[in-house]
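Numbering starts at 1 and runs along the sequence shown.
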Amino acid sequence: VRDANWKRAIPMVLTMMVGGAVGVWLLRTMSADWLLLVLGLIVGVMMVTERMNLLVHLGRFIDVRASRVTATLGCVSSVAGTLAGGGTMYLLVPFLRIAADSPAEFRSTNMMVAGLSTMIRIVMLSFAGLVSLELLVDALVLWPVTVVAALAGGHFFRTSSPERFFFALQ
């Protein structure tokens with residue numbers, strides 16, 4: 001994370017904590033039918049956003065580097081990612097790519113925000129009682145695969161050109 005843009009990442013991570021808390025609260029209070037509807041809407045919005053490249057187009061009209069934009073996007077993506085069980089970074093990657101001054105800044109900020117947001121969400125879900133023994137055993141069984149994937153991803157990260165990295169990420 002040596003090349004991460006901390007000025008941009010800190011407001012994002014702080015508001016991701018708020019968004020994660022809202023997402024966990026919604027998970028605890030929503031009925032299964034409403035959660036299914038919201039999940040469908042989130043996936044639909046994500047698909048439309050990606051297909052129409054909306055964040056890139058939005059970047060032409062607003063200052064994507066402004067802390068208010070960073071904070072808002074962090075909060076919204078964290079709520080969506082918590083409810084959907086993932087996808088926080090899927091929403092943030094196009095924004096981080098546009099806002100970054102260099103590929104190294106993009107990669108480092110992306111990795112740092114992804115790691116912190118995952119840890120924050122795990123802690124919040126645990127305190128909310130949404131992490132069971134069965135889920136912990138599943139995670140333990142999948143841990144070796146996760147380690148191998150992280151090592152392979154790290155190798156790809158270190159050896160790829162910025163163009164290849166951006167292409168693979170999208």
I'd like a table of donor-acceptor pairs (distance under 3.5 Å, sequence neighbours excluded) in which one partner is a side-chain atom from residues 8-23, with atom names and distances.
residue: R8; atom: NH1; partner: A99; partner atom: O; Å: 3.2
residue: R8; atom: NH1; partner: E105; partner atom: OE2; Å: 2.7
residue: R8; atom: NH2; partner: A99; partner atom: O; Å: 3.2
residue: T15; atom: OG1; partner: P11; partner atom: O; Å: 3.0
residue: T15; atom: OG1; partner: M12; partner atom: O; Å: 3.1
residue: T15; atom: OG1; partner: A71; partner atom: O; Å: 2.7

Side-chain donor-acceptor pairs under 3.5 Å in residues 56-63, sequence neighbours left out?
residue: H57; atom: ND1; partner: R60; partner atom: NH1; Å: 2.9
residue: H57; atom: NE2; partner: M52; partner atom: O; Å: 3.4
residue: D63; atom: OD1; partner: R65; partner atom: N; Å: 3.1

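Judged by distance alone, the side chain of S78 and the main-chain N or O of G74 form no donor-acceptor pair under 3.5 Å.
Residues R107 and S160 are in side-chain contact: their nearest non-hydrogen atoms beyond the backbone lie under 4.5 Å apart. With contacts defined as side-chain heavy-atom distances shorter than 4.5 Å, the pair L39/L83 does not qualify.
Residues I42 and L54 fall into different hydrophobic clusters, defined by Ile, Leu, Val, Met, Phe, Trp and Tyr side chains chained together at heavy-atom separations under 4.5 Å. In the hydrophobic cluster analysis, where Ile, Leu, Val, Met, Phe, Trp and Tyr join through side-chain heavy atoms closer than 4.5 angstrom, L135 is grouped apart from L142. Linking ILVMFWY residues whenever their side-chain heavy atoms come closer than 4.5 Å, directly or via other members, places W6 and L73 in the same cluster. L26 and L37 fall within the same hydrophobic cluster, where Ile, Leu, Val, Met, Phe, Trp and Tyr residues are linked whenever their side-chain heavy atoms come under 4.5 Å apart, directly or through other members. Each of V123 and L27 belongs to its own hydrophobic cluster when Ile, Leu, Val, Met, Phe, Trp and Tyr are linked at side-chain heavy-atom distances under 4.5 angstrom.
If you take OG1 on T82 and CG on L125, they are separated by 6.5 Å, rounding to the nearest 0.5 Å. Atom OG1 of T109 sits about 11.5 Å away from atom CG of L92, to the nearest 0.5 Å. Note: M112 CE to L96 CG = 9.0 Å, rounded to the nearest 0.5 Å. Distance check: W25 CH2 to M124 CE gives 14.5 Å after rounding to the nearest 0.5 Å. With rounding to the nearest 0.5 Å, the separation of OG in S126 from CG in L130 is 8.5 Å.
Shown here are the side chain to side chain donor-acceptor pair (under 3.5 Å) partners of H155, two or more places apart in sequence or in another chain: there are none. Among residues two or more places apart in sequence or in another chain, the side chain to side chain contact (heavy atoms under 4.5 Å, CB included) test is passed with S31 by D33, W34. Residues forming a side chain to side chain donor-acceptor pair (under 3.5 Å) with D138 (at least two apart in sequence, or on another chain): none.
Counting all heavy atoms, side chain and backbone alike, L140 lies closest to P144 at O-CD, 3.6 Å.
Using a 4.5 Å cut-off between side-chain heavy atoms of Ile, Leu, Val, Met, Phe, Trp and Tyr, L151 falls into a hydrophobic cluster with W143, V147.
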